[in-house]
Amino acid sequence: MLNLLSKLPDNTRGAVIMSLSMAAFTTNDSFMKGALAEVPLFQALFLRATLNFVMLFAVLAPIIGPVRFNLSRQDWTLVVIRSMAEVGAAMSFLTAVSHMPLANATAIMQTMPLSITIAGWMLFRDPLGWRRMVAIGVGFAGVLLIVQPGTDGFSGYALFAVLAMLCVTLRDIIVRKMHHSVPNSTVTFGAITAVWICTGIASIGQGWAPMDLKAGAQIFSSAAFLIVGYVSSVAVMRVGEMSFVSPFRYTALVWALLIGLFAFGEWPNGLAFAGAAIIAGTGIYTVLREARLRRRGG
């Protein structure tokens, strides 16, 4: 597989790795969705984080670099804030996917390029022209088509997916304030540690349920695919042009549709499909426009 990838042009290789990354993250979500049918949320997240600790040092750190702890006080503060946002995102998103179609929740998460654009404008005074504002408005209209407030198709759990999207926006925008020398492995270690501690404490109050082999295998598989997603998401940043590679992030919707159909018998209604298409379209437009503006500025 690696030999085959090495023979591909950079952009093609980047697109393949991005698609594999989205497949890994979506498969991770699907395994957790299956496990949550039998195992309480906090218990499942605590067990997955425990496995991720082992995988971080055994698999991830040798690839992306060792975990370092000699950070400045400011960087440690940012790592902690980002890690707590990771906790909120994990809890919110998995609450959503355990009660609604995987594709619907995944589509809401694909508004990330739009929400990060807003956050950049609010926090860092990034320029926000009328074209970006229109794209953001249209994209969030797509979210409303998926959430469907005031209709029979409305699920309050969709709001947890929106909350997860906001937490991930905070998580990713915080990285812009960190010093470039902060290792990805240290940031990942902080996120895993925060999830492990918070869900471990929360699971005491929630109580633990007995697990069969199937649920254990699902949690283990979720942890493994999450690590694959981390590794590939780091690798893709070093291959190809981001303006070409980034739109392949939306293959997550395809994976979510296929897995949702064949694993859970889920299929979004027409409004949700339309919303997902709008979100993907505005997201791709935003990514390509940002790349074009950077080229002009450079």
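Predicted model, so just to flag it, every value in this text is computed and none were measured.
A donor-acceptor pair is defined here as one N or O able to donate and one able to accept, closer than 3.5 Å; such a pair exists between the side chain of Arg68 and the backbone of Ser181. Between the side chain of Gln148 and the main chain of Leu145, a donor-acceptor pair closer than 3.5 Å is present. Judged by distance alone, with hydrogens and angles left aside, the side-chain atoms of Thr169 form a donor-acceptor pair with the main-chain N or O of Met165 at under 3.5 Å. Under a 3.5 Å cut-off, the side chain of Ser221 and the backbone N or O of Gln218 do not form any donor-acceptor pair. With Gln110 contributing its side chain and Leu253 its backbone, the two residues share no donor-acceptor pair below 3.5 Å. For Lys33 (side chain) and Met100 (main-chain N/O), a donor-acceptor pair under 3.5 Å exists by modelled atom type. Ser115 places a side-chain N or O within donor-acceptor distance of the main-chain N or O of Met112, the cut-off being under 3.5 Å. Judged by distance alone, the side chain of Ser21 and the main-chain N or O of Ser232 form no donor-acceptor pair under 3.5 Å. For the pair Ser233 (side chain) and Tyr230 (backbone), a donor-acceptor distance under 3.5 Å is present. Proximity of a side-chain donor or acceptor of Thr106 to a complementary backbone N or O of Ala256 within less than 3.5 Å is not detected.
The aromatic rings of Trp76 and Phe69 sit parallel, their planes meeting at an angle under 30°, below the 60° perpendicular limit. The aromatic rings of Trp196 and Phe46 lie parallel to each other, with less than 30° between the two planes, well short of the 60° mark.
With contacts defined as side-chain heavy-atom distances shorter than 4.5 Å, the pair Phe93/Met109 qualifies. Counting heavy atoms from C-beta outward, Leu170 and Met84 have side chains that stay 4.5 Å or more apart. Looking at heavy atoms from C-beta onward, Ile279 lies out of side-chain contact with Leu114 at the 4.5 angstrom threshold. At least one side-chain heavy atom of Tyr157 sits under 4.5 Å from a side-chain heavy atom of Thr95. Proximity of Val187 to Arg82: side-chain heavy atoms (C-beta onward) are separated by under 4.5 Å at one or more points. Under the 4.5 Å side-chain criterion, counting only non-hydrogen atoms from C-beta, Val79 is in contact with Met178. Between Leu257 and Val254, every side-chain heavy-atom pair lies at or beyond the 4.5 Å cut-off.
Side-chain N/O atoms of Ser72 and Asp75 include a donor and acceptor closer than 3.5 Å. Side-chain atoms of Asn104 and Glu266 form no donor-acceptor pair, as typed in the model, at a separation below 3.5 Å. Looking only at atom types and distance, the side chain of Ser203 has a donor-acceptor partner in the side chain of Trp208 under 3.5 Å away.
Ring centroid separation for the pair Phe273 and Trp267 comes in under the 6.0 Å cut-off.
Annotation: the span from Met18 atom CE to Tyr250 atom OH amounts to 10.0 Å, rounded to 0.5 Å.
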**Study point:** Steps toward side chain to side chain contact (heavy atoms under 4.5 Å, CB included) verdict (Ile173, Arg176)
**Key:** CA-CA 6 Å; Ile173 205 74; Arg176 288 180 56 175; 3.9 Å; yes

